[in-house]
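What you see is a predicted model, and the numbers here were worked out from it, not measured in a lab. Only heavy atoms go into these numbers, but all of them, side chains included; no hydrogens, no water, no symmetry mates. Indexing begins at 1, ligand by ligand and atom by atom, following the structure's order.
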Amino acid sequence: MKEQQPLGISFHERHIVHPGASVDLGKVDAGDKAGLKKNDQVEEEMDRLRAELDDLQERFYAWDKRSLLIVLQAMDTGGKDGTIEAVMHGVNPQGVNVTSFKTPTAEELAHDFLWRVHKAAPARRMIGIFNRSHYEDVLVVRVHNLVPEEVWRQRYDQINHFERLLTDCGTVILKFYLHISKDEQAKRLQERLDDPKKHWKFAAGDLKERELWDDYTAAYQEALARCSTEGAPWYVIPANHNWYRNLAVTSIIVEALKKLNPVYPPLDPSIGKIVIS
Ligand code: ATP
Ligand code: MG
């Protein structure tokens, strides 16, 4: 992807999981800042990217030709909510749908695992954000043995086929794994216990999940490696520093939208020249 690089960094190149490549999260520094510091230049670039995203989203909506699906996955406290808030703030809410995938309901469980996901896929002209996603069905489901291995093993191919269907039908898919370290998670969980404004975010179950960190890491590595495709790539975003995470994610989304070059449709020629009096 050709990228304008005011900071001299292609976040796309730096963080993409190349299709077919294996993933070792132990080798990705969750505190990576690409040599940047949180200074005025970085803040100006973030403001510029936000303004550009706002403009691109308006054009994308008016153009009405494609959809954009953004998938966010992370360990608990990884920053999915914060990313949505930071990246989408300033964008016209009418063009954005956020879907948070929770433990499936009885009705959802009575269907195939992609049923609830397909229903939430963004319509033409919309940006759809998945806060968790169909990947939970090869993550939490795998780690907790919620279905037999032969069932979840088939899901990588099923997910790739499903995403291929969406991209063939005009959806652009960008998938972000927000990568925090285990130490950073400890800090953030502690904050949820200590800060009254964050108590509501603390779930006792999060501590149990934390004990399964290595199992989740193995599950993520396989999902990222097997399901990063040309049309629906995964990005591993270092996310210990919120400002870096927001910068990288926003930059990658802006570049993907720019590549589509959405344009405002012209006036219908049959309307002719009209002057409203
Ligand atoms: P936060 O990170 O702010 O705590 P959250 O995304 O964890 O937000 P919660 O309501 O705390 O939101 O948790 C949602 C739960 O639903 C997660 O534990 C997730 O693993 C679970 N979940 C999502 N999809 C599935 C699925 N397909 N099968 C089983 N559990 C699922
Ligand atoms: Mg949670």
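Those atoms of ligand 1 with a heavy atom of R116 less than 4.0 angstrom away are 24 (N), 25 (C), 26 (C), 27 (N). Numbered from 1 in the order shown, with element, the atoms of ligand 1 that lie under 4.0 Å from a heavy atom of V140 read 20 (O), 28 (N), 29 (C), 30 (N), 31 (C). Applying the 4.0 Å criterion to heavy atoms of D81 picks out, from ligand 1, the atoms 3 (O). If you number the atoms of ligand 1 from 1 as listed, the ones under 4.0 Å from a heavy atom of D76 come out as 7 (O). Atom numbering of ligand 1 starts at 1 in the shown order; those under 4.0 Å from a heavy atom of D137 are 27 (N).
Taking a cutoff of 4.0 Å between a charged side-chain nitrogen and a carboxylate oxygen, R132 and D81 do not qualify as a salt bridge. With respect to R210 and D206, no salt bridge is recorded, no charged nitrogen being found less than 4.0 Å from a carboxylate O. Under a 4.0 Å N-O distance rule, the pair R188/E191 does not qualify as a salt bridge.
For a threshold of 3.5 Å applied to N or O pairs, the pair formed by K80 and ligand 1 contains at least one separation below that value.
Looking at every heavy atom in both residues, Q73 comes nearest to L139 through NE2-CD1, 3.7 Å.
Between H134 and F101, the distance separating the two ring centers is not shorter than 6.0 angstrom. In summary, the aromatic rings of W234 and Y135 are positioned with their centroids under 6.0 Å apart. Side-chain rings of Y244 and H179 stay apart, their centers remaining 6.0 Å or farther from each other.
Sorted by first and then second residue, the ring-ring contact (aromatic ring centres under 6.0 Å, His included) pairs with a member in residues 33-69 form an empty list; sequence neighbours excluded.
By the criterion of a heavy-atom distance under 4.0 Å, neither the backbone nor the side chain of D206 is placed next to ligand 1. Of all the heavy atoms of E108, none lies under 4.0 Å from any atom of ligand 1, so neither backbone nor side chain is involved. Contacts of T103 with ligand 1, taken as heavy-atom pairs under 4.0 Å, involve both backbone and side chain. Only the side chain of V141 comes within contact range of ligand 1, with a heavy atom under 4.0 Å; no backbone atom does.
The shortest separation from a heavy atom of A203 to ligand 1 is not under 4.0 Å, leaving the residue out of contact. Distances from ligand 1 to the non-hydrogen atoms of R192 include at least one value under 4.0 Å. Under a 4.0 angstrom heavy-atom cut-off, M75 registers as lying outside contact with ligand 1.
Judged purely by atom type and a 3.5 angstrom limit, S251 has no side-chain atom pairing as donor or acceptor with the backbone of L247.
The nearest non-hydrogen atom to atom 6 (O) of ligand 1, considering only R132, K102, Q73, comes from R132.
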